[in-house]
A.B. asks: 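The structure that follows is given in the form of structure tokens.
Since the structure is predicted, the reported quantities are computational estimates derived from the model, not experimental observations. Both counts, for ligands and for their atoms, begin at 1 and track the order of listing.
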Amino acid sequence: MACQLQTENIRKEYPGTVALDNVSVSFDGGKVHALIGKNGAGKSTLVKIFAGAVQPTSGRILVDGQPVVLRSPRDAFAQGIATVYQEMSLVPGLSVAENILLGRLPHKKVLGASVIDWPAVFARARAVLDGMQVSLDVRRQVGDLGMAQQQIVEIAKAMSFNPSVIMFDEPTSALAQHETQTLFGLIRTLAAKGVVIVYITHRLQELPLIADTVTVVRDGRYIGTAAMAQATPQTIVQMMFGEVVQKERPADLKAGTEPVLQVRGLGQKGKFHDVNFTLYRGEVLGIAGMLGSGRTELLRALFGAEAFDAGEIVIGGRSVRTVTPSLMKDLGVAFTPENRKEQALVQILSTRANLCLASLDRISTLGFTTRRRERSVVNRLVARLSVRMPDTEQPVSSLSGGNQQKVVVGKWLNTEPRVILFDEPTRGIDVQAKQQIFQIMWDLSRQGISSLFVSSELEELLEVCHRILIMKKGTLRGEVQPGTLSVDELFVRCMTDE
Ligand SMILES: Nc1ncnc2c1ncn2[C@@H]1O[C@H](COP(=O)(O)OP(=O)(O)OP(=O)(O)O)[C@@H](O)[C@H]1O
Ligand SMILES: [Mg+2]
């Protein structure tokens, strides 16, 4: 069934931005084509055009050499093109099965009336998941699932169309290592059947494992395509950024000795228990662990987003046993959550408004903010994080995924906290922007501000932190110093029960 997907001079303009500038690419079936480029390069826009979700300003799309017009997602499905989007498109209030078969629930006739055939709904959804070798209860509400499981439902939804083209926009950003392996196995099976696979990722270390070719876009332009077997990490980074990405871990990075946050016997039923650690002034403290080990829940409790039922937090000379976000914020705690779409950004508000949201009290006088003061704060943050966008007044929803993530981080830098809790801050961020976020953590460290840094990318923790705590099944099981062990060793420590 080998198939071919092609664009000819595709151009997409948004007010103030050219998202794609005369891009001509071709993806053939039977191979995995990685599509890479820095944040805002135009990757998701290209995928959305193939998916019929966005209309190009000009240019043509061809399937098997024949021009096609994809006016809507329905047109794309009719061509056998399925998409796994970067931002989840699931309905939280519905079950896994309903989400997988959304809009296509099997019906049956009862007394002449057409009703939903629930046994068939569940059976069909289960068959899709079985094909992916995933065990997930199809009756569960999607809103109750973690990010990784939601990602799997998203993929199952695309698979249920039996597509001849499947596009993945950063499918592994919420997945742990073994889940990623399962996904790669699945992708390989699809490719072997002749399906066209387009795969977007910022995890460059995945490329040798999964990609046959790499196609690079930069600032809306097509830069080139290389066979993966011939590409080196240097040439790829050079194509993506036009320059070499600097890694500069400061030699003088010292953590203080003065405790700023002490966690004593903290517990939350069913989530984590007896958690004890001290965060020192200026320290970047990592938390490593597998998915579901309780890292996010711990961070949420430290910010007061969720209550805890045992233990105390000592901060700023106070012992806190009952938390609320406003109390923790007053005590100098800032929190960048993992799910930017639901928890961190107000999609309809502008980038400026989102950046100022957390710090309104600091930039306002008697409750009024002056535009000028806001603008100077915002311009500084945008420059510091190099957010790519035409102007800060546009809704934050018009930013690329990675640029939205930078806004989530930027929003809190302005609050002058004592401690910042970072939950997967680099998700969906390109390697250059990652270095900028690391640089920010190190700058904060020099200013005496401490970071608690949760990341599923173990390399990242080893690169950035002073110390790393290991969390397993809701408890801390030890502590390691970067420089004393390899990534593989850290992975093993996170996985195994000693
Ligand atoms: N709906 C929109 N309105 C205005 N501009 C948009 C819209 N969607 C995307 N853009 C702009 O188009 C450009 C390309 O965005 P796109 O989402 O394709 O980037 P990307 O390569 O997927 O980046 P990332 O790696 O951060 O996800 C960006 O500058 C973005 O701000
Ligand atoms: Mg994107």
A.B. asks: Do any of the N/O/S atoms of N39, backbone or side chain, fall under 2.8 Å from the Mg ion (ligand 2)?
C.D. replies: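 Looking at N39, which is the residue asked about, there is no N, O or S atom under 2.8 Å from the Mg ion (ligand 2).
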A.B. asks: With a 4.5 Å cut-off on side-chain heavy atoms, are F161 and I166 touching?
C.D. replies: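 They are not in side-chain contact.
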A.B. asks: Could you check atom 12 (O) of ligand 1 against the protein and tell me its nearest heavy-atom contact, residue, atom and distance included?
C.D. replies: A19 CB, 3.3 Å
A.B. asks: Give the residue, atom name and distance (to 0.1 Å) of the protein heavy atom nearest atom 14 (C) of ligand 1.
C.D. replies: G40 O, 3.4 Å
A.B. asks: Considering heavy atoms of the protein only, find what lies nearest to atom 27 (O) of ligand 1 and give residue, atom and distance to 0.1 Å.
C.D. replies: Q86 NE2, 3.0 Å
A.B. asks: What atoms in ligand 1 come closer than 4.0 Å to a heavy atom of T17?
C.D. replies: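 Those atoms are 29 (O).
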A.B. asks: For Y14, is the NZ or CZ atom of K12 found under 6.0 angstrom from the centre of its six-membered ring and inside 45 degrees of the ring axis?
C.D. replies: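 K12 over Y14 ring: yes.
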A.B. asks: Enumerate the atoms of ligand 1 whose separation from the nearest heavy atom of T45 is less than 4.0 angstrom.
C.D. replies: 14 (C), 15 (O), 16 (P), 18 (O)
A.B. asks: Give yes or no for whether the N/O distance cutoff of 3.5 Å, strictly under, is met between A41 and ligand 1.
C.D. replies: yes
A.B. asks: Distance from S160 atom OG to L101 atom CG, nearest 0.5 Å?
C.D. replies: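 The OG atom of S160 sits 5.5 Å away from the CG atom of L101.
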A.B. asks: May I ask you to check if ligand 1 and Q394 share an N or O to N or O distance below 3.5 Å?
C.D. replies: no
A.B. asks: Which residue is it: H202, E460, K434? I am looking for the one with a side-chain hydrogen bond (donor to acceptor under 3.5 Å, both in side chains) to T426.
C.D. replies: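 When H202, E460, K434 are each tested with T426, the side-chain hydrogen bond (donor to acceptor under 3.5 Å, both in side chains) holds only for E460.
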A.B. asks: Closest by any non-hydrogen atom to atom 7 (C) of ligand 1: pick that one out of G37, S398, G220, P395.
C.D. replies: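 Nearest heavy atom to atom 7 (C) of ligand 1 lies in S398.
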A.B. asks: Could you tell me whether ligand 1 has any atom less than 4.0 Å away from a heavy atom of Q404?
C.D. replies: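 No, Q404 has no heavy atoms under 4.0 Å from ligand 1.
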A.B. asks: What's the separation between atom CG in L70 and atom CD1 in I61, rounded to the nearest 0.5 Å?
C.D. replies: 4.5 Å
A.B. asks: Run down the list S400, G16, G401 and name the one with the heavy atom closest to atom 19 (O) of ligand 1.
C.D. replies: S400
A.B. asks: Do R11 and D21 have side chains that get closer than 4.5 Å, going by heavy atoms?
C.D. replies: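 Yes, close enough: below the 4.5 Å cut-off.
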A.B. asks: Pairs of nitrogen or oxygen atoms closer than 3.5 Å, one from G42 and one from ligand 1: do any exist?
C.D. replies: yes
A.B. asks: What I want to find out is whether R203 reaches E457 closely enough, with some N-O distance under 4.0 Å, to be called a salt bridge.
C.D. replies: yes
A.B. asks: Would the distance check show the side chain of K43 and the main-chain N or O of K38 forming a donor-acceptor pair, the cut-off being under 3.5 Å?
C.D. replies: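 Yes, K43 side chain to K38 backbone: donor-acceptor pair under 3.5 Å.
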A.B. asks: What's the separation between atom NZ in K157 and atom CZ in R104, rounded to the nearest 0.5 Å?
C.D. replies: 8.5 Å
A.B. asks: Around atom 2 (C) of ligand 1, find the nearest protein heavy atom and jot down its residue, atom name and distance.
C.D. replies: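 Protein heavy atom with the smallest distance to atom 2 (C) of ligand 1: Y14 CE2, 3.4 Å.
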A.B. asks: Is there a donor-acceptor pair closer than 3.5 Å between any side-chain N or O of Q404 and the backbone N or O of L399?
C.D. replies: yes
A.B. asks: Show which atoms of ligand 1 fall inside a sub-4.0 Å distance from at least one heavy-atom site of L399.
C.D. replies: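 In order of numbering, the contacting atoms are 31 (O).
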A.B. asks: I'd like to check which ligand 1 atoms, numbered from 1 as shown, lie under 4.0 Å from a non-hydrogen atom of N39.
C.D. replies: 23 (O), 24 (P), 25 (O), 26 (O)
A.B. asks: Could you list the atoms of ligand 1 found under 4.0 angstrom from a heavy atom of G402?
C.D. replies: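 Near G402, the atoms of ligand 1 are 24 (P), 26 (O), 27 (O).
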